[in-house]
J.: 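Let me give you the structure first, and then I'll get to my questions.
All values reported here derive from a predicted model rather than from experimental measurement.
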Amino acid sequence: MSEALQSLLDLLDLERIEEDIYRGHSRSAVVPRVFGGQVAAQAMVAAGRTVPEDRHAHSLHAYFLRPGDPGAPIVYSVDRLRDGRSFTTRRVVAVQHGKPIFTLSASFQTHEEGLDHQAPMPPAPDPATLPTGEDRLRSYPHLPAGTVERFLEARAAVDLRYVDDPPFGDFGTPRDPHSQVWFRTNGKLADDPLLHVVLATYVSDMTLLDSVLLAHGRGGWAVGDVVGASLDHAMWFHRPFRADEWLLYDQQSPSASGGRGLGQARIHTRDGRLAVSVVQEGVVRVPRER
C-alpha cells in the first residue's frame, strides 16, 4: 500500500466522540476549501458504522450546504431513521463552527436475489495503454505554477487516468460533453465492502463536472475560467466492486443552465459489470470581467 493511500485511509477513519457522533479532519485540496468527496466519504463512514455488517450500501443522496473549512474539524451526527427487515436508513449531518455544511441520506440493504439487467459498458481503451495522471498533467505547460503539484498531491492515493484530454488540458473550443477516466486506489484494500463504497464515493467527486466544462470549451478551476462547487450528489450501488481494481468512470452532461451544470455517470468494472450510477449538479459560473 502506498503512503498516500494509507494517509487517505487514516483521514477517513473517523474518531468516535460518543454514540452516533464522530469527528473527522481534512487535508489540502486543489481548491481552498474541503474537498466535497472527502466530506461525502467521511459521512458514509459515519453512517456505515451504525449499520449491521450484513447490510450493504445501495444508495446515497447528499447536499453540499456550505464550503468546508479545511483548518477545522468536522463533526458528523448520525440519525438512525429506520431499521427494517431488509433496509436500513441513516441521515448524517456534518457540522463546522456550529453550522451544517453537508447532509447525507444513505440506505443499506441485506443481500437479496431478484431480476437482473444492466446497460452495456461503453467502449474504452485499456487503462494500461493510457498515460498516468502525473504524465498527463506534466504534459500541459500552460497550467499555472503550483497547480500540477496541488493536483498530484490531492490525487496521490488514486491512480486516475484520463482517456482523452481533461478540460484544463485542451480548452477554448467546445467538445462533446462526454468524459472517461479509469481509476483505482494506489494499493490493495481490505475486504470490507463499505470501504470500497467509501473510496468510490471519494473519487466520484473529482471529475464528474468535467463534461459540463467540455461542452463550453472551458478549462475549469485549474485555469480560472470558471468558478464552481458541488451542490448535490447521488449514487446508487448496483453490484459489488473493488476500488483497488480498475473501474471505468463514464461521464456526460445533459444540461447546463442558470449557473448550474448537471453531470451523469456510470462506473463499470473492468469486466463490464455496471457497479455504480452517479448524478451530480454543481454551480458552474463564468467569472465576471472586472
Side-chain angles (χ1 to χ4, degrees), residues 1-15 22-46 48 57 60 62 68 70-71 73-74 76 94 102 127-128 130-138 143 146-163 166 168 179-210 221-222 230 233 235 237 241-249 251 265 267 269-270 275-276 278 280:
M1 180 183 295
S2 69
E3 182 178 342
L5 179 56
Q6 184 59 60
S7 176
L8 175 58
L9 296 179
D10 292 341
L11 181 75
L12 300 177
D13 187 17
L14 303 179
E15 174 192 359
Y22 301 88
R23 179 163 50 210
H25 298 275
S26 304
R27 65 179 188 182
S28 60
V30 176
V31 292
R33 58 177 179 267
V34 177
F35 171 50
Q38 175 205 303
V39 182
Q42 288 179 330
M44 280 301 288
V45 170
L60 69 84
I74 306 173
Y76 296 89
F102 175 87
L130 299 173
T132 66
E134 181 172 3
D135 288 344
R136 177 83 73 173
L137 284 164
R138 295 199 184 282
L143 290 179
T147 297
V148 170
E149 284 67 29
R150 287 196 298 273
F151 262 105
L152 293 177
E153 181 182 1
R155 299 179 176 182
V158 181
D159 188 346
L160 190 149
R161 304 189 183 195
Y162 290 91
V163 170
F168 53 80
S179 174
Q180 290 182 323
V181 298
W182 285 96
F183 74 88
R184 65 179 178 184
T185 57
N186 272 321
K188 299 298 290 183
L189 298 172
D191 296 332
D192 176 3
L194 178 64
L195 180 61
H196 294 267
V197 163
V198 165
L199 267 296
T201 301
Y202 180 85
V203 178
S204 69
D205 192 41
M206 288 183 174
T207 62
L208 187 49
L209 296 182
D210 282 2
W221 11 98
S230 303
H233 196 87
M235 302 179 74
F237 305 99
F241 64 91
R242 294 189 65 92
D244 55 7
E245 296 178 354
W246 285 116
L247 296 168
L248 177 66
Y249 198 13
Q251 305 150 95
I267 298 177
T269 63
R270 198 172 186 177
V276 188
V278 192
Q280 182 183 88

J.: Donor-acceptor check, side chain of Ser7 to backbone of Glu3, threshold 3.5 angstrom: yes or no?
T.: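 Here the side-chain-to-backbone pair does not exist.
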
J.: With a 4.5 Å cut-off on side-chain heavy atoms, are Leu12 and Met44 touching?
T.: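 Of all side-chain heavy-atom pairs linking Leu12 with Met44, none is under 4.5 Å.
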
J.: Does Leu5 reach the side chain of Leu189, with side-chain heavy atoms less than 4.5 Å apart?
T.: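 Yes. Closest side-chain heavy atoms under 4.5 Å.
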
J.: About how many Å separate CG of Leu137 and CZ of Arg155, when rounded to the nearest 0.5 Å?
T.: 7.0 Å

J.: Is there a side-chain contact between Gln280 and Ser204 (heavy atoms, below 4.5 Å)?
T.: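 Contact flag for Gln280/Ser204 side chains = no.
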
J.: Please find the pair of heavy atoms, one from Gly48 and one from Leu194, that lie closest to each other, and give the distance.
T.: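 Result for this residue pair: CA-CD2, 3.6 Å.
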
J.: Can you name the closest pair of heavy atoms from Val197 and Phe241 and give their distance?
T.: CA-CZ, 3.9 Å

J.: For Ala157 and Leu8, work out which heavy atoms get closest and say how close.
T.: CB-CD2, 3.7 Å

J.: Looking at CD1 of Ile74 and CZ of Arg23, how far apart are the two atoms once the value is rounded to the nearest 0.5 Å?
T.: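 Reported value, rounded in 0.5 Å steps: 12.0 Å.
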
J.: With Tyr22, which residues qualify under ring-ring contact (aromatic ring centres under 6.0 Å, His included), at least two apart?
T.: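 For Tyr22, no residue satisfies ring-ring contact (aromatic ring centres under 6.0 Å, His included) once neighbours in sequence are set aside.
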
J.: Mind checking whether Val181 and Met206 have side chains closer than 4.5 Å, heavy atoms only?
T.: no

J.: Identify the two heavy atoms, one from Met235 and one from Ala200, that lie closest to each other, and give their separation to 0.1 Å.
T.: CE-O, 4.0 Å

J.: Sequence neighbours excluded, which residues qualify as side-chain hydrogen bond (donor to acceptor under 3.5 Å, both in side chains) partners of Gln38?
T.: Ser26, Gln42

J.: How close do Ala275 and Thr269 get, counting heavy atoms only, and between which atoms?
T.: CB-CG2, 4.3 Å

J.: Do Lys188 and Glu245 have side chains that get closer than 4.5 Å, going by heavy atoms?
T.: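 Yes, close enough: below the 4.5 Å cut-off.
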
J.: Output the distance between atom CG (Asp244) and atom CG (Asp159), rounded to the nearest 0.5 Å.
T.: 12.0 Å

J.: Tell me, do Ile267 and Leu248 make a side-chain contact under 4.5 Å, heavy atoms counted?
T.: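 Counting from C-beta outward, Ile267 and Leu248 never come under 4.5 Å.
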
J.: Counting only heavy atoms not in Gln6 (residues, nucleotides, ligands), do more than 12 fall under 6.0 Å from its CD?
T.: yes

J.: Examine the side chains of Asp135 and Thr132 and answer whether a donor and an acceptor come within less than 3.5 Å of each other.
T.: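 Present: a donor and an acceptor within the cut-off.
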
J.: Just grab all the side chain to side chain donor-acceptor pair (under 3.5 Å) pairs involving residues 189-198, residues at least two apart or on different chains.
T.: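 Every pair satisfying side chain to side chain donor-acceptor pair (under 3.5 Å) with a residue in residues 189-198: Asp191-Arg242.
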
J.: Just wondering, do Glu15 and Pro73 contact through their side chains at under 4.5 Å, heavy atoms?
T.: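 They are not in contact (no side-chain heavy atoms under 4.5 Å apart), so the answer is no.
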
J.: Which of parallel (below 30°), tilted (30 to 60°) and perpendicular (above 60°) describes Phe151 and Phe168?
T.: tilted

J.: Tell me whether Arg161 contacts the main-chain N or O of Pro127 through its side chain, where contact means a donor paired with an acceptor under 3.5 Å.
T.: yes

J.: For Tyr162, does its backbone N or O pair with a side-chain atom of Arg136 as donor and acceptor, under 3.5 Å?
T.: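 Yes.
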
J.: Could you pull out all residues at least two apart from Tyr249 that satisfy ring-ring contact (aromatic ring centres under 6.0 Å, His included)?
T.: none

J.: What distance do Thr147 atom OG1 and Leu152 atom CG have between them, rounded to the nearest 0.5 Å?
T.: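 Between atom OG1 of Thr147 and atom CG of Leu152 there are 10.5 Å.
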
J.: With sequence neighbours left out, write down each residue that passes ring-ring contact (aromatic ring centres under 6.0 Å, His included) with Phe102, or none if nothing qualifies.
T.: Phe64

J.: Just by distance, do the side chain of Thr207 and the backbone of Asp210 share a donor-acceptor pair under 3.5 Å?
T.: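 Side chain of Thr207 to backbone of Asp210: no pair is present.
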
J.: Could you tell me whether a side-chain N or O of Ser230 sits under 3.5 Å from a main-chain N or O of Gly36, the two making a donor and an acceptor?
T.: no

J.: So, do Leu9 and Leu199 sit near enough that their side-chain heavy atoms are less than 4.5 Å apart?
T.: yes

J.: Glu134: what forms a salt bridge (charged side-chain N to carboxylate O under 4.0 Å, His left out) with it, not counting sequence neighbours?
T.: Arg138

J.: I need the minimum non-hydrogen distance between Thr201 and Ala41, along with the two atoms involved.
T.: CG2-N, 4.0 Å

